[in-house]
Amino acid sequence: MSHGYATYGDDPEFSAGYEEPVDTTRRDLDELFAAVDGLRAAVEETDDRVRQDVADLTERLESGGASRQEDRLDLLGRRLDRLQQQVQALERAVRVADGVPQANLDEVGAETRALAAEAARWDDLHKELVTKEQRARYSDEISRLSSVQAALSRCDADLLDVIRVLASTDRGARARGDAESSLRALATRRRTLLDEEIPAAVQAADQARLALREADAVEARVVPQLERAERAWHDLQVRLRTRITDALGSNALLPTWFGHALGVAPPAGASGDAWIRTAASVLAYRVTFGITDQALPLGPPPEDADTTERRWTWRARLESDLDELSL
């Protein structure tokens with residue numbers, strides 16, 4: 001009571017009609033934070049226990065039962081990984097609920113997509129070029145013609161020598177008999193060269209010269225396009241690396257697929273450069289092939305595609321790179 005009249009706070013009817021609403025959002029956030037703290041503590045406790053178990057198991061490995069101990073160690077490692085994944089999932093949920101901005105790395109501009117499309121032409125363009133091995137075979141075909149022509153010249157020289165022997169010896173002489181045998185063999189050899197080997201070599205050499213001229217024309221047309229594709233790939237990598245580092249620097253919430261594949265930050269030390277290169281290449285793969293899957297960094301395996309195609313080989317290389325990071 002005050003000044004002879006009841007205040008609003010003293011009026012039970014007023015208080016009953018204007019009950020202050022409960023902030024459920026804040027309560028949910030508090031629960032999430034508490035869950036994260038609990039899981040983090042569990043992870044730390046499990047990590048300490050795993051480290052102790054590792055030390056104990058290391059001492060026992062030499063005394064036998066190594067396989068069983070290694071299985072136990074592997075099980076403990078998997079349990080720790082699952083706890084860490086749960087912590088990351090809850091931390092993400094807390095940050096989403098708390099209004100932390102989310103980075104959509106896949107939303108690149110038209111210019112970046114054009115760079116990806118230009119860079120993707122490199123493999124198809126490179127297939128148009130004649131390989132060094134094929135060029136070497138063409139050169140061999142051209143050289144073979146000279147070799148066969150040289151064989152004809154030697155055959156003619158040998159024939160002249162045989163004819164001189166025949167002209168200078170009597171019919172009954174042994175040297176004449178040998179010369180007559182050589183004459184028949186050389187005549188047959190000369191006819192084979194003129195009728196078969198030289199025409200075939202001429203035709204093969206002509207085809208090889210034509211193929212080399214065509215290869216030179218293709219190279220003159222394709223090499224500048226290859227250089228443009230290589231520049232596009234370099235520019236694409238620079239753009240995507242910058243996009244990723246900017247997202248990391250802004251403390252924005254990274255996409256789920258990024259966290260699953262690469263974690264939330266680059267590792268310390270020299271492996272950090274390999275991490276950012278792999279991250280940019282994974283994002284380049286997504287941009288190039290229009291991957292939008294939010295769980296799988298490389299999306300589901302492509303259907304009805306040749307496993308020798310660039311997409312399969314690129315995917316396999318990225319999967320290997322992600323495994324090597326051991327995040």
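Please read these numbers as outputs of a predicted model, since none were measured by experiment.
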On a heavy-atom basis, the closest approach of Tyr285 and Leu318 is CB-CD1, 3.6 Å
Measure the CG-CD1 distance between Leu183 and Ile163 for me, rounded to the nearest 0.5 Å.
6.5 Å
Check whether Ile276 and Val108 end up in the same hydrophobic cluster, where Ile, Leu, Val, Met, Phe, Trp and Tyr are linked by side-chain heavy atoms less than 4.5 Å apart.
yes
Do Gln225 and His126 pass the side-chain contact (heavy atoms from CB on, under 4.5 Å) test, and can you show the C-alpha distance, the side-chain angles, and the key distance before you say yes or no?
CA-CA 10 Å; Gln225 298 181 64; His126 193 265; over 6 Å; no
In the structure I gave you, are the side-chain heavy atoms of His260 and Thr256 within less than 4.5 Å of one another anywhere?
yes
Does Phe289 have Arg311 sitting over its ring (NZ/CZ under 6.0 Å from centre, angle to axis within 45°)?
yes
Would you say the side chain of Gln207 lies within less than 4.5 Å of the side chain of Ile142, judging by non-hydrogen atoms?
no
Trp122 side chain reached by Arg310 side chain, heavy atoms, under 4.5 Å
no
Would you say Ser320's side chain and Ala316's backbone share a donor-acceptor pair under 3.5 angstrom?
no
Would you say the side-chain atoms of Arg315 pair up with the backbone N or O of Leu298, donor to acceptor, closer than 3.5 Å?
yes
Candidate pair Leu212 and Val130, rule side-chain contact (heavy atoms from CB on, under 4.5 Å), full reasoning
CA-CA 9 Å; Leu212 285 175; Val130 174; 5.9 Å; no
Stepwise side-chain contact (heavy atoms from CB on, under 4.5 Å) check, Arg209 with Leu145:
CA-CA 12 Å; Arg209 291 191 188 95; Leu145 174 59; 4.2 Å; yes
Kindly compute the distance separating CG (Leu248) from CG (Leu254), expressed to the nearest 0.5 Å.
5.5 Å
SB check Arg121 Glu230 (cutoff 4.0 Å)
no
Nearest heavy-atom approach of Arg243 to Leu283 is CD-CD2, 4.4 Å
I want to check something: taking the side chain as every heavy atom from C-beta on, are Pro302 and Trp312 in contact at a cut-off of under 4.5 Å?
yes
Taking it one step at a time, do Asp170 and Arg176 satisfy salt bridge (Lys or Arg N to Asp or Glu O under 4.0 Å)?
CA-CA 7 Å; Asp170 297 330; Arg176 185 179 180 89; over 6 Å; no
Are Leu115 and Leu226 connected in the hydrophobic side-chain network, where two residues link if heavy atoms are under 4.5 Å apart?
no
List the atom of Ala247, the atom of Leu105, and the distance in Å for their closest heavy-atom pair.
CB-CD2, 4.0 Å
Closest non-hydrogen atom pair, Asp216 against Arg135:
OD1-NH2, 2.9 Å
Using a 4.5 Å cut-off between side-chain heavy atoms of Ile, Leu, Val, Met, Phe, Trp and Tyr, which other residues end up in the same hydrophobic cluster as Leu210?
none
Between CG on residue Leu166 and CG on residue Asp161, distance to nearest 0.5 Å:
11.0 Å
Would you call Asp156 and Leu160 a side-chain contact if the rule is heavy atoms closer than 4.5 Å?
no
Let me see the working for Asp140 and Arg137 under salt bridge (Lys or Arg N to Asp or Glu O under 4.0 Å), right down to the final yes or no.
CA-CA 5 Å; Asp140 289 343; Arg137 286 194 289 271; over 6 Å; no
Going through the checks in order, is the side-chain contact (heavy atoms from CB on, under 4.5 Å) test met by Gln294 and Asp106?
CA-CA 10 Å; Gln294 291 304 301; Asp106 295 323; 3.6 Å; yes
To the nearest 0.5 Å, what is the distance between NZ on Lys132 and OG on Ser139?
13.0 Å
Salt-bridged, Glu197 to Arg189, with N to O below 4.0 Å?
yes
Do Leu322 and Leu262 come within less than 4.5 Å of each other through their side chains, counting heavy atoms only?
yes
Of all heavy-atom pairs linking Asp293 and Trp257, the shortest is O-CD1, 3.9 Å
So that I know where these two stand, are Trp314 and Trp233 an aromatic pair - ring centroids less than 6.0 Å apart?
yes
Apply the test salt bridge (Lys or Arg N to Asp or Glu O under 4.0 Å) to residues Arg239 and Glu111: give CA-CA distance (whole Å), side-chain angles for both, the deciding distance (0.1 Å), then the verdict.
CA-CA 10 Å; Arg239 282 176 178 246; Glu111 188 173 348; 2.7 Å; yes
Salt bridge check: are Glu118 and Arg231 linked by an N-O gap of less than 4.0 Å?
no
Can you name the closest pair of heavy atoms from Val162 and Ala179 and give their distance?
CG1-O, 3.1 Å
Do Val202 and Val148 share a hydrophobic cluster (ILVMFWY, side-chain heavy atoms under 4.5 Å, transitive)?
yes
Between Ser147 and Ser143 (side chain of the first, backbone of the second, donor and acceptor by atom type, cut-off under 3.5 Å), is there such a pair?
no
Would you say Val165 and Leu159 are hydrophobically clustered, going by side-chain heavy atoms of ILVMFWY under 4.5 Å?
no
Let me see the working for Asp273 and Arg277 under salt bridge (Lys or Arg N to Asp or Glu O under 4.0 Å), right down to the final yes or no.
CA-CA 6 Å; Asp273 188 54; Arg277 283 200 310 270; 2.3 Å; yes
What is the distance from atom CG of Leu129 to atom NZ of Lys127, rounded to the nearest 0.5 Å?
12.5 Å
Can you check whether Leu194's main-chain N or O pairs, donor with acceptor, with Glu196's side chain at less than 3.5 Å?
no
Side chain proximity check, His234 to Gln237, heavy atoms < 4.5 angstrom:
no
Could you tell me the separation between the OG1 atom of Thr278 and the CZ atom of Arg317, rounded to the nearest 0.5 Å?
10.5 Å
